[in-house]
Amino acid sequence: MYRDEILDHYKRPRNEGSLEDDDIESEGKNPSCGDECRVYLKVEEGKIKEIKHETDGCAISTASASIVSEELVGKDIEEVMDLEKEWIRETLDIELSPMRVKCGLLPLKTIQDAVEKEQ
Amino acid sequence: MKEKDFLGGRSMALNPENYREDFPVLEEKAHGEKIVYFDNAATTHTPEQVLQRVNRFYREENSNEGRSLHKLANKATKAYDQSRKVIADFIGAETDEIVFAKNTTEAVNKAAYGLDIQGKILAPKMAHHSEQLPWRRKAEREGLEFEFIPTSNGSLDLDAAKKLIGEDTGLVSIPHVSNVFGCRNPVEELTEIAHDNNALIFVDGAQSVPRMPVDVKDLDIDLMAFSGHKMCGPFGTGALYGKMNVLEEMRPYNVGGGMIESVETDNVEWCEVPNRFEAGTPNIAGAVGFAEAAKYIQDVGIKKIDNHERRLNKRIVEGLEQVEGLKPYTPEDETPSVVSFTMEEAHPHDVAEVLNHEGVAVRAGHHCAQPQVSDLDVSGTVRASPYLYNTENEVDRFLKAVKEVKKVF
């Protein structure tokens, strides 16, 4: 589970931070393990233009936030709303045990919540 | 509580190797290594003796109990009644002071629903959700005051408790042993203070009954809940102990068949204690297995289990103290019954994951004690909890695995 790419994204998460103005925001938590993820999105012409995140959690949720923040830029928001845990599994390319699925999913779910709130 | 001692008074230390073969699941491997199962505070393994007794019930005695009068029904009734007596003896109670429940959580809920409390309810922040939530819900529904007793340095703050328990207190709820810190709370002292103030005392015995001698009459506690699956019994078993005069004043939580004296169209009379609190067909096979587990523990020797476990935990704590950047959450002046810690390199779930890769099973998270864990200002801890079948070699494997975390992160 802790292959080099995951550890790299955990130790040096990409796109950390927040956005000013014209952004949509949402916060997600996994209360059972303490992962917290706040996301900031800029959406233009139905596509995700920019993503920033502030993630405080385990290696999986942090690495997922980092990887997802890179993968989703440029995607149509409709496509983003259709993504599910299978996509997370493929994108992270690790075996997520039942108890860690929600760690991997948290950033995606939070982004989807942000988009849904705005619509 | 009786304990077999073959050496005429001088007990030898428990040798786990004498018991490991009773637990075939200990042969299971993870990532090529036999699993070091240090998650006994969550649930314990079940020995062959218990599994065979449960099977024998289904194969030779299977019937409902307390209803029909045919041969199999008589066997089942006898087996169930006998199980109740064995569990009662295990904690020094009278037979009819034991109400079977499916787990500690249900036992607490039965008590919280059933009792008529006049006054404030107190529970410590370290109380498991299953202990505190039924009381908190009762307080909210019935307009009673609920207050937390604070923790300090990994133990219950006794001075604070003494100030909080007063004439306006109706019930004090206490975990006998904390599942987060592993500390043993001063139940005798708190019982005396509660009783001096005409308050009831309820004890969460989930983590104490499996690992140390508990005699409810010596302690003079009013109620106690505990689980079968945390003491080598099957899942779906547990019990609520209550002093007879306390249980007699309680109303039932579940109502239905098997707990009535009479049912007319306009009137229902509940039957006597303890059946009053066991509506419907009980988990008879489970109760039989629970009793067999109690016998198994008695044969091993509860004091020996206590000493063995604390010896292992002492070794764990000493080993962890050598690890840089590791913070233990243990009581200051006692060897804990479970060992909680955090590491600066990694989130508790990641620590547990690395340990899993080394074949070591622990629990990570808030341990169903969110108010306490968030007070520690951490997102969770890693918790190791060995039991009677664990060895010193396994402690050393655990410590080696903890050091692996530093290599990964």
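Each chain gets a letter, A, B and so on, in the order the sequences are listed, and its residues count up from 1.
- To the nearest 0.5 Å, the span separating CD1 on I60(A) from CD on E353(B) amounts to 7.0 Å.
- A donor-acceptor contact shorter than 3.5 Å links the side chain of D350(B) to the backbone of A59(A).
- Taken to the nearest 0.5 Å, the CG atom of N30(A) stands 9.0 Å off from the NE2 atom of H349(B).
- Closest of all the heavy-atom pairs between H347(B) and D35(A) is NE2-OD1, 3.6 Å.
- The number of heavy-atom neighbours closer than 6.0 Å to CE of M81(A), taken from other residues, nucleotides and ligands shown, is above 12.
- Smallest separation of non-hydrogen atoms from M1(A) and H357(B): N-CE1, 3.7 Å.
- The aromatic rings of F409(B) and Y10(A) sit perpendicular, their planes meeting at an angle over 60°, well past the 30° parallel limit.
- Interface residue V354(B): backbone and side-chain heavy atoms are both found under 4.5 Å from chain A.
- In the displayed structure, K406(B) atom NZ is contacted under 6.0 Å by more than 12 heavy atoms of other residues, nucleotides or ligands.
- Open room surrounds CD on E84(A); 12 or fewer heavy atoms of other groups in view lie less than 6.0 Å from it.
- Environment of CD in E116(A): sparse, with no more than 12 heavy atoms of neighbouring residues, nucleotides or ligands closer than 6.0 Å.
- With a 6.0 Å radius and a threshold of 12 heavy atoms from other residues, nucleotides or ligands, K11(A) has its NZ atom above the threshold.
- Within 6.0 Å of NZ in K102(A) there are more than 12 heavy atoms belonging to other residues, nucleotides or ligands.
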